[in-house]
Amino acid sequence: MTAVRTALVIGGGIAGPVTAMALRRAGVEATVFEAYAGSADGIGGTLTIAPNGLDALRAVGADDPVRAVGQPVAYTVINDGAGRRIGEFPGLRDLQPSQAMWRSQLYRAVHEHARACGVSFEYGRRLVAADESPTGVTARFADGTSADADILVGADGINSVVRTLIDPAAPGPRHVPLLNFGGLADIALPARADATYFVFGRHGFLGYWVQPDGRTAWFANLPHRTPMTTSQAREVPAREWLRRLHEIYAHDVPGPDLLRHTREEELVALGSVAIMPSVPRWHSDRMVLVGDSVHAPSPSSGQGASLAAESAVQLARCLRDLPDAPAAFSAYVRLRRGRVEKVAARAARTNNSKALGPFAITMMRMMMPVAMRTFLRPERALGVEQRHHVRWDAPVGAL
């Protein structure tokens, strides 16, 4: 049994509350500290929770609340910009389907469940420094306050402060030459209710699904070589972004319909897609990283939030079963690094396909039937990622 009894969880997004719930189940009292004065409810684009993410959330009882706000998607349909079918991928039949949702819906469901489980949140507490000792860690915040615990968990996202405290030479996020957008169109397209649609257009990638309320949620990636932060993207008026997007998708079905029915207030500009390269050091003696702070794959993976939930649960298992924090942290890294880096590598290959030209798209259409019978069969393409199961009740060895 571990000697760790208290934890400071830095970051009140999605990974932080899930980590706090998992730690509480492992017998570690955890408090979440969020830098911003208020919650992030209502902020963000769309995402998908894969079956393995739902499996990890089940360990903290959050799978049903998340499923309640999601939309089951059992198929992925791939079209070209002319609306012609390239391929269709069913999910794995014996697994519950992925759940598509808005990040704000996931955020609200996770936070409400965490509070119901007894997790405390403190807002307006921006971490600036941390002091480690043989017996614990002291977090120091920008408002002059501090907090003590046995360990500190960095769940503070891709621009993590904790990552730089653990290793000042740690790599930062890497920008992918794609701009990321989300939107909600006041139109119900003729589409399957249980499918997401991927469109490889002439100049950009577009995805969408039709919501139960009759509106269509969509997301887009446009090639863009110059990095742009979310703040910079939001400085551009939504009207201007919509004008540019109209130009890009003018000849790609169903781009014009989606954009024509998207109000300015329903457009989300997220800036450049960002990913984390391999992080050499995931922990020190008293501090450790989870989620996007240490393994942020491209949104193309469809696995970002799911991997964060897995890591939260695995970290809690290691702290529950191993005698001290350094031993638990080392076991946690050995359990997680290989898996998350394989997912990130697969997502990087997907990113490259989002900027295909007309010739490459034609070749994709020609080769897809063969690919579906060989290396793109659902089990081969999805099985390793989506069948991953975190065995909460199994003891973690020293490895």
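Numbers here are sequence positions counted from 1.
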Inset, instruction - Decide yes or no for Trp102 and Thr46: does some side-chain heavy atom of the first lie under 4.5 Å from some side-chain heavy atom of the second? - result: yes
Legend entry - Side-chain ion pair, Glu112 and Arg115, N-O less than 4.0 Å: no
Inset, instruction - Give a yes or no on whether the backbone of Met228 and the side-chain of His175 come within a donor-acceptor separation of less than 3.5 Å. - result: no
Inset, instruction - Could you tell me whether a side-chain N or O of Tyr208 sits under 3.5 Å from a main-chain N or O of Leu189, the two making a donor and an acceptor? - result: no
Legend entry - Ring centres under 6.0 angstrom apart (Phe205, Phe198): yes
Legend entry - ILVMFWY network linking Phe200 to Leu245, side-chain heavy atoms under 4.5 angstrom: no
Inset, instruction - Find out whether Val137 and Asp148 are in side-chain contact, i.e. whether some heavy atom of one side chain is under 4.5 Å from a heavy atom of the other. - result: no
Legend entry - Validation row: Arg125, Glu34 side chains within 4.5 angstrom (heavy atoms): no
Inset, instruction - For the residue pair Val28 and Thr6, establish whether any side-chain heavy-atom pair is separated by less than 4.5 Å. - result: no
Inset, instruction - Decide if the gap between the ring center of Trp218 and the ring center of Phe181 is smaller than 6.0 angstrom. - result: no
Legend entry - Residues Arg24, Glu29: salt bridge by 4.0 Å N-O rule: yes
Legend entry - Heavy-atom side-chain proximity of Val199 to Val253 below 4.5 angstrom: no
Inset, instruction - Supply the atom-to-atom distance Ile166 CD1 to Trp282 CH2, rounded to the nearest 0.5 angstrom. - result: 11.0 Å
Legend entry - N-O pairing of Arg337 and Glu341 below 4.0 Å: yes
Legend entry - Beyond-backbone contact of Leu165 with Met287, side-chain heavy atoms, under 4.5 angstrom: yes
Inset, instruction - Answer whether the closest heavy-atom distance between the side chains of His295 and Leu307 falls below 4.5 Å. - result: yes
Legend entry - N/O donor-acceptor pair under 3.5 Å between Thr216 side chain and Val210 backbone: no
Inset, instruction - Enter the distance from Leu23:CG to Ile151:CD1 here, rounded to the nearest 0.5 Å. - result: 6.0 Å
Legend entry - Rounded distance (nearest 0.5 Å) linking atom CD1 of Ile187 with atom CG of Leu259: 11.0 Å
Legend entry - Aromatic ring proximity His111/Phe121, centre distance under 6.0 Å: yes
Legend entry - Nearest atoms (heavy-atom pairs only) where Ser146 meets Thr138: CB-CG2, 4.0 Å
Legend entry - Donor-acceptor side-chain pairing of Ser301 and Arg346 below 3.5 angstrom: no
Legend entry - Passing option when Asn52 is tested against Arg387, His389, Gln386, Glu310 for side-chain hydrogen bond (donor to acceptor under 3.5 Å, both in side chains): Glu310
Legend entry - Cation-aromatic face contact Arg126/Tyr36, 6.0 Å, 45 degrees: yes
Inset, instruction - Measure from NZ or CZ of Arg58 to the centre of the six-membered ring of Trp392 and say whether it is under 6.0 Å with the direction within 45° of the ring axis. - result: no
Inset, instruction - Would you kindly say whether Arg336 and Ser311 are connected by a side-chain donor-acceptor distance under 3.5 Å? - result: yes
Legend entry - Under 3.5 Å: donor-acceptor pair, side chain of Arg215, backbone of Ala188: no
Legend entry - Ala327 backbone acceptor or donor facing Tyr332 side chain under 3.5 Å: no
Legend entry - Donor-acceptor under 3.5 Å (Ser330 side chain, Pro326 main chain): yes
Legend entry - N/O donor-acceptor pair under 3.5 Å between Asp194 side chain and Ala74 backbone: no
Legend entry - Any donor-acceptor N/O pair, Glu266 side chain to Asp186 backbone, under 3.5 Å: no
Inset, instruction - Without swapping roles, check the side chain of Asp321 against the backbone of Val396 for a donor-acceptor pair under 3.5 Å. - result: yes
Inset, instruction - Apply side-chain hydrogen bond (donor to acceptor under 3.5 Å, both in side chains) to Glu122 and Thr31, showing your working. - result: CA-CA 8 Å; Glu122 296 197 16; Thr31 301; 5.6 Å; no
Inset, instruction - Report yes if some heavy atom in the side chain of Val153 is under 4.5 Å from a heavy atom in the side chain of Val162; otherwise report no. - result: no
Inset, instruction - For Asp252 and Arg202, indicate whether the former's side chain and the latter's backbone hold a donor-acceptor pair under 3.5 Å. - result: yes
Legend entry - Identified side-chain contact (heavy atoms from CB on, under 4.5 Å) partner of Gln99 from the options Leu106, Thr48, Val73, Leu54: Leu54
Inset, instruction - Go through the side-chain N and O atoms of Arg108 and Gln105 and say whether any donor and acceptor fall under 3.5 Å apart. - result: no
